[in-house]
Undergrad: 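I'd like to ask some things about the structure below.
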Amino acid sequence: MIERFEKFSLAIAEISRCWHKIAAEELAKYSLKSSHVTYLLTLYRYPDGLTAPKLAELCDRDKADVSRMLSILEARGLVTKDGSGGSRYRGNLRLTPEGQVVANELSHRAERAVEQAGEGLTEENRTIFYESLDTITKNLRRISQEGLK
């Protein structure tokens, strides 16, 4: 059992380290960080825009993180807010034309990275892998909230 724990822990750490390195290299030309990408790509999938609460829900982030990231993305001219009524949480958030270009490029680069990372996997292996990953994620989330039994 310890060997399985070590293999799992080391693999997760290595994947995370490599993924963050790739993300940092890819995002440097946009002066963005990996935390920005989730918001850009989510807004890209919803061209009619989203409210901040819906964006927070879809990105599984808290209100403070959404507010902080949106301030940065707005300042960089990538996101705009319509009909805010003075509140960041009441407005409809959309990508600006520049934001759409950046999100489109990032979407293609991310797709390419995931494709290359999965080289050598059959479609059946890929399906099993993602089902297993979802199960592990749900289990770890539950354990982190409820503790080990």
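Not measured: the values here are computed from a predicted model. Reckoned from all heavy atoms, side chains included, excluding hydrogens, waters and symmetry mates.
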Undergrad: Applying side-chain contact (heavy atoms from CB on, under 4.5 Å) to D62 and V66, what does each step give before you reach the verdict?
TA: CA-CA 6 Å; D62 64 30; V66 171; over 6 Å; no
Undergrad: Show me the side-chain donor-acceptor pairs of residues 139-149 shorter than 3.5 Å, one per line, residues at least two apart or across chains.
TA:
unit_1: N139; atom_1: ND2; unit_2: T135; atom_2: O; d: 3.3
unit_1: S144; atom_1: OG; unit_2: L140; atom_2: O; d: 3.3
unit_1: S144; atom_1: OG; unit_2: R141; atom_2: O; d: 2.8

Undergrad: Determine the minimum heavy-atom distance between L40 and A103, stating which atoms define it.
TA: O-CB, 3.9 Å
Undergrad: Measure the spacing between CG of L55 and CG of D60 and express it to the nearest 0.5 Å.
TA: 11.5 Å
Undergrad: Decide side-chain contact (heavy atoms from CB on, under 4.5 Å) for T96 and V79; before the verdict, give the C-alpha distance in whole Å, the side-chain angles of both, and the deciding distance to 0.1 Å.
TA: CA-CA 5 Å; T96 63; V79 172; 5.7 Å; no
Undergrad: Does E124, at its CD atom, have more than 12 non-hydrogen atoms belonging to other residues, nucleotides or ligands within less than 6.0 Å?
TA: no
Undergrad: Apply side-chain contact (heavy atoms from CB on, under 4.5 Å) to residues L58 and Y39 and explain how you reach the verdict.
TA: CA-CA 9 Å; L58 291 170; Y39 297 106; over 6 Å; no
Undergrad: Could you walk me through whether S34 and L27 pass the side-chain contact (heavy atoms from CB on, under 4.5 Å) check?
TA: CA-CA 7 Å; S34 59; L27 296 171; 4.2 Å; yes
Undergrad: Indicate yes or no for a side-chain donor-acceptor contact from S67 to the backbone of K63 under 3.5 Å, with no hydrogens or angles considered.
TA: no
Undergrad: Within a 6.0 Å radius of atom NZ on K29, are there more than 12 heavy atoms belonging to other residues, nucleotides or ligands?
TA: yes
Undergrad: Under a 4.5 Å cut-off applied to non-hydrogen side-chain atoms, are T38 and R61 in contact?
TA: yes
Undergrad: Set out, in order, the CA-CA distance, both residues' side-chain angles and the distance that settles side-chain hydrogen bond (donor to acceptor under 3.5 Å, both in side chains) for T122 and N125, then state yes or no.
TA: CA-CA 5 Å; T122 65; N125 289 147; 3.1 Å; yes
Undergrad: Keeping the roles fixed (side chain from R94, backbone from D48), state whether a donor-acceptor pair exists under 3.5 Å.
TA: yes
Undergrad: So does L121 get a backbone contact from the side chain of R126, meaning a donor-acceptor N/O pair under 3.5 Å?
TA: yes
Undergrad: Got a donor-acceptor contact below 3.5 angstrom from the S132 side chain to the I128 backbone?
TA: yes
Undergrad: Does the pair N92 and Y46 meet the rule for a side-chain hydrogen bond (donor to acceptor under 3.5 Å, both in side chains), with working shown?
TA: CA-CA 11 Å; N92 196 43; Y46 293 89; over 6 Å; no
Undergrad: Listed by chain and number, what are the side chain to side chain contact (heavy atoms under 4.5 Å, CB included) partners of R76, not counting sequence neighbours?
TA: S31, L32, H36, I72, L78
Undergrad: Got a sec: does the CZ of R112 have more than 12 other heavy atoms crowding it under 6.0 Å?
TA: no
